[in-house]
2 protein chains.
Amino acid sequence: MSQPTEHTPERPSGRAVPTSADVARLAGVSRATVSYVLNNTSAVRISEPTRRRVREAAEELGYVPHAAARSLRAGHSRMVLLPTSHVPVGPLYSQFFNEFQWALRRLDYTVVQYGSVGLEAEEAARAWAELRPVAVVSLGEVQLTGQGVEILKRSGARAVITLGTQGVEGTHALVMDQGRVGEVATAHLVESGRRRIGVVIPEEPGLAMFSGPRLEGARRAARGTDATVVPLPLRYDEESANELAARWRELGLDAVFAYNDEYAMLLMRALQDAGLAVPEEVAVVGADDLLLGRLLRPRLSTVRIDMVLGRELAELVDRAVREPEAPPRTRSLLASQVVRRESS
Amino acid sequence: MSQPTEHTPERPSGRAVPTSADVARLAGVSRATVSYVLNNTSAVRISEPTRRRVREAAEELGYVPHAAARSLRAGHSRMVLLPTSHVPVGPLYSQFFNEFQWALRRLDYTVVQYGSVGLEAEEAARAWAELRPVAVVSLGEVQLTGQGVEILKRSGARAVITLGTQGVEGTHALVMDQGRVGEVATAHLVESGRRRIGVVIPEEPGLAMFSGPRLEGARRAARGTDATVVPLPLRYDEESANELAARWRELGLDAVFAYNDEYAMLLMRALQDAGLAVPEEVAVVGADDLLLGRLLRPRLSTVRIDMVLGRELAELVDRAVREPEAPPRTRSLLASQVVRRESS
DNA sequence: ACGTGCCACTGACACGTGTAACTAGCCCGT
DNA sequence: ACGGGCTAGTTACACGTGTCAGTGGCACGT
């Protein structure tokens with residue numbers, strides 16, 4: 001998109017791409033008539049024979065309207081911009097994401113994913129604004145600033161929605177309360193009589209957005225009790241897990257909240273291989289309620305996260321677009337609930 | 001995108017969105033000068049003081065160029081269209097996909113994901129053509145026809161790339177040879193002395209694209225030997241797995257290729273719970289080489305699938321765009337290799 | 001005085017589309 | 001004969017941008 005070339009390149013297959021003017025010429029009518037016919041404009045009456053001639057001409061030439069020209073003329077589009085992340089998200093999130101896209105499309109929006117690798121917040125906002133989207137739904141990779149929001153709104157965006165662990169001024173903020181996940185998990189462990197509680201922090205980049213708040217929530221739950229919380233960095237591989245398990249006794253922990261079920265399964269296996277009894281010596285709690293967690297022995301306790309339906313969020317976007325004056329409101333996106341199985 | 005509204009809606013925040021003409025007015029120069037300055041056009045010399053005035057005016061107004069107008073004028077864009085699927089794909093595929101997008105962006109393409117839910121092949125092609133992408137990379141959800149390819153090329157697409165289990169005429173076809181996955185898995189089981197081999201077929205919709213060819217490959221491997229292949233429909237939940245395990249003895253199978261590691265883990269657990277010894281009575285092989293498969297006991301044997309790097313594919317797209325006349329060629333995308341662990 | 005060349009910039013057009021405003025032709029009532 | 005209304009269109013403009021061709025103004029050589 002950056003630097004347009006100097007001259008229009010030749011079409012390889014010889015023929016230029018047909019425009020409505022070509023259709024008009026072939027059908028022997030004016031270009032306006034073509035537009036009226038092809039858009040089924042009800043205010044203008046065109047005779048049936050003419051309509052047929054136009055349609056046939058369009059068909060013969062393989063005419064397809066030019067979306068850019070159309071939205072330029074119209075002064076607005078129905079594009080919803082979704083800055084994409086390259087975060088290695090889990091199945092829960094990606095299912096939500098797919099459903100969200102699908103629902104937006106049902107509402108006749110054009111969903112455009114646009115990545116902004118290595119761009120500053122304001123720079124990214126400017127790049128997005130070039131596309132003149134009617135709405136921007138930021139999914140957290142780029143932390144949108146108030147300045148960035150201003151740029152977007154000035155460029156015609158009727159709604160800016162942020163989805164993240166905390167709200168952004170001037171936007172419809174959808175807050176995924178990750179802290180709550182850590183909180184309920186830890187509270188559950190404390191209530192079960194555990195006192196020294198480890199919290200796994202994935203070392204994989206891009207997950208800090210989630211793991212930080214979860215740790216914070218765990219600390220919140222421990223506050224006011226005699227339990228303590230210990231952060232445990234962990235890579236998602238067996239070596240790292242075995243290493244952590246090997247120094248488990250010196251850490252003196254009797255429970256662990258393992259970020260999610262995948263890390264929990266990895267760590268639980270390493271603990272068992274190191275000779276620690278689960279849940280007698282160590283209680284293990286994951287998150288996301290994956291099916292696979294139920295296959296282990298003992299069955300993995302977990303935090304079930306009920307994410308808002310993609311469809312609901314799509315409707316919220318639609319409302320925000322139609323009523324741009326409505327005051328932006330912050331809303332919580334997920335409910336967390338412990339599912340106790342055998343590992344805790 | 002479909003039906004533009006009748007009149008331009010008022011901008012809510014009062015001020016209209018600034019154009020280069022506004023910048024020109026404020027800076028006291030012509031619009032052409034603004035364009036030259038902001039695009040750093042080297043062929044035209046503009047004095048430094050003027051440049052500064054223009055930049056300051058643009059900054060003050062918060063001017064952002066209009067991508068649609070720009071590409072309309074230029075006659076082409078650098079948009080790569082990626083029709084998205086809502087298929088519940090695994091981590092392997094989604095990692096590839098992310099990397100692919102990222103690499104395209106590094107090559108200065110604008111990646112647009114555009115879903116076409118419930119559209120016919122030709123209808124979808126027409127919708128894509130409206131956006132005048134420079135390339136289309138179809139990932140298999142919509143089976144592109146020769147007719148559809150023709151529409152896209154006529155609309156100016158310089159490259160059409162299909163990614164699927166089989167090629168499409170007139171396109172650069174990237175074939176993911178799923179059959180090979182089933183073939184190597186089954187060959188391995190046969191060589192290990194197994195004779196009655198089950199092949200799990202997920203009942204989840206959208207996976208048929210992969211499971212069909214894998215079954216076919218398994219049959220190919222069994223041909224010419226005295227081994228037989230039995231398809232086993234399975235839902236991804238415990239009930240379905242238990243049900244299948246319960247009638248295992250009457251099926252008389254001594255091995256199973258379970259589509260992928262997740263289904264394999266699910267089924268293996270159910271078999272063990274039903275009192276069958278793995279691998280003594282039943283050998284189990286998955287696919288995808290997930291980390292979690294190594295955590296089970298016995299460790300899960302699997303088929304490791306080396307997918308082409310997203311970066312490589314992005315470079316192929318770039319080449320195809322720059323040399324549209326080069327003959328479309330079909331290329332295989334993945335290599336499959338058995339990783340024998342303990343479950344087979 | 002005058003042509004030449006350079007500098008710094010401007011005027012005008014094109015891209016493809018949608019639609020408001022207008023018009024030519026016809027019928028009809030008075 | 002003439003205005004009015006309907007039908008079936010057409011003409012003309014606007015959207016925001018990039019860029020070719022042109023144009024004053026100035027210095028300079030003769």
Side-chain angles (χ1 to χ4, degrees), chain A residues 1-9 16-25 27-54 58 61 63-77 129-132 155-156, chain B residues 1-9 16-25 27-54 58 61 63-77 129-132 155-156:
Chain A
M1 234 43 167
S2 61
Q3 222 73 306
T5 59
E6 300 104 22
H7 68 297
T8 311
V17 8
T19 73
S20 69
D22 296 323
V23 177
R25 239 186 318 272
V29 298
S30 76
R31 215 178 43 68
T33 302
V34 173
S35 176
Y36 288 135
V37 171
L38 264 34
N39 291 323
N40 278 322
T41 309
S42 52
V44 180
R45 302 187 59 99
I46 308 284
S47 72
E48 194 48 49
T50 304
R51 298 187 108 91
R52 249 212 346 266
R53 284 218 315 284
V54 169
L61 293 177
Y63 169 70
V64 175
H66 192 309
R70 185 182 280 210
S71 79
L72 175 60
R73 158 68 217 211
H76 68 294
S77 71
E130 288 193 7
L131 299 180
R132 298 288 191 277
S155 82
Chain B
M1 235 40 165
S2 61
Q3 224 71 306
T5 59
E6 298 104 23
H7 68 297
T8 309
V17 9
T19 72
S20 68
D22 297 323
V23 176
R25 238 186 317 274
V29 297
S30 76
R31 215 178 42 68
T33 302
V34 172
S35 176
Y36 288 135
V37 170
L38 264 33
N39 290 322
N40 278 321
T41 309
S42 53
V44 179
R45 300 187 60 98
I46 309 282
S47 72
E48 195 48 50
T50 304
R51 300 187 106 89
R52 249 208 352 263
R53 283 217 317 284
V54 170
L61 292 177
Y63 169 71
V64 175
H66 193 309
R70 186 182 278 211
S71 78
L72 175 59
R73 156 70 218 206
H76 68 289
S77 71
E130 288 193 6
L131 301 179
R132 298 289 191 273
S155 83

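Computed from a prediction, not measured in an experiment: that's the story for all the values here. Quick note on labels: first sequence line is chain A, next is B, and so on, each numbered from 1.
Closest non-hydrogen pair, B:L72 versus A:A69, comes out as CD1-CB, 3.9 Å. The minimum heavy-atom distance linking A:T19 with A:Y63 is given by the pair C-CE1, 3.5 Å.
The side chain to side chain contact (heavy atoms under 4.5 Å, CB included) test applied to A:T50 returns A:V29, A:T33, A:I46, A:S47, A:R53, A:V54, not counting sequence neighbours. Take A:R45 and apply the salt bridge (Lys or Arg N to Asp or Glu O under 4.0 Å) test, not counting sequence neighbours, and it matches no residue.
Contact annotation: A:S20 reaches the phosphate of C:dT17 (side-chain N/O to OP1 or OP2, under 4.0 Å). Listed pair B:T50 / C:dC9 meets the phosphate criterion, a side-chain N or O lying under 4.0 Å from OP1 or OP2. At the phosphate of C:dT17, neither OP1 nor OP2 sits under 4.0 Å from any side-chain N or O atom of A:S71. Distances shorter than 4.0 Å separate none of the side-chain N or O atoms of A:T19 from OP1 or OP2 on C:dG16. Using a 4.0 Å cut-off, no side-chain N or O of B:R31 falls inside it from OP1 or OP2 of D:dG16.
Nucleic acid contact class of B:S35 (heavy atoms, under 4.0 Å, all strands): base.
For B:R53 and C:dA8, the CZ to C1' distance is 12 Å, given to the nearest whole Å. Whole-Å rounding puts the B:I46 CD1 to C:dT10 P distance at 8 Å. Rounded to an integer number of Å, the gap from CG of B:N39 to C1' of D:dT17 is 9 Å. Atom pair A:R70:CZ and D:dA14:C1' shows a separation of 17 Å (rounding to whole Å applied). The distance from atom CG of B:L72 to atom P of D:dT19 is 13 Å, rounded to the nearest whole Å. We find that CG of B:N40 is positioned 16 Å from C1' of D:dT19, with the value rounded to whole Å. Rounded to a whole Å, the CZ atom of A:R45 is 18 Å from the P atom of C:dT19. Taking atom CG of B:L38 as the reference point, atom P of D:dT19 lies 13 Å away to the nearest angstrom.
Candidate nucleotides C:dT10, D:dG9, C:dG16 were compared by shortest atom distance to the side chain of B:A32, and C:dT10 ranks first.
No hydrogens or angles were tested; on distance alone, a donor-acceptor pair under 3.5 Å links the side chain of B:Y36 to the base of D:dC20.
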In sequence, state the C-alpha distance, the side-chain angles, and the governing distance for A:H66 and B:R132, and then conclude on side-chain contact (heavy atoms from CB on, under 4.5 Å). CA-CA 7 Å; A:H66 192 309; B:R132 298 289 191 273; 3.7 Å; yes
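Between B:R132 and B:R51, the residue anchored closer to the 5' end of DNA chain C is B:R51, taking for each the nucleotide with the nearest heavy atom. Position along DNA chain D of the nearest nucleotide to B:T33 versus B:A69 favours B:A69 as the more 5'-ward residue.
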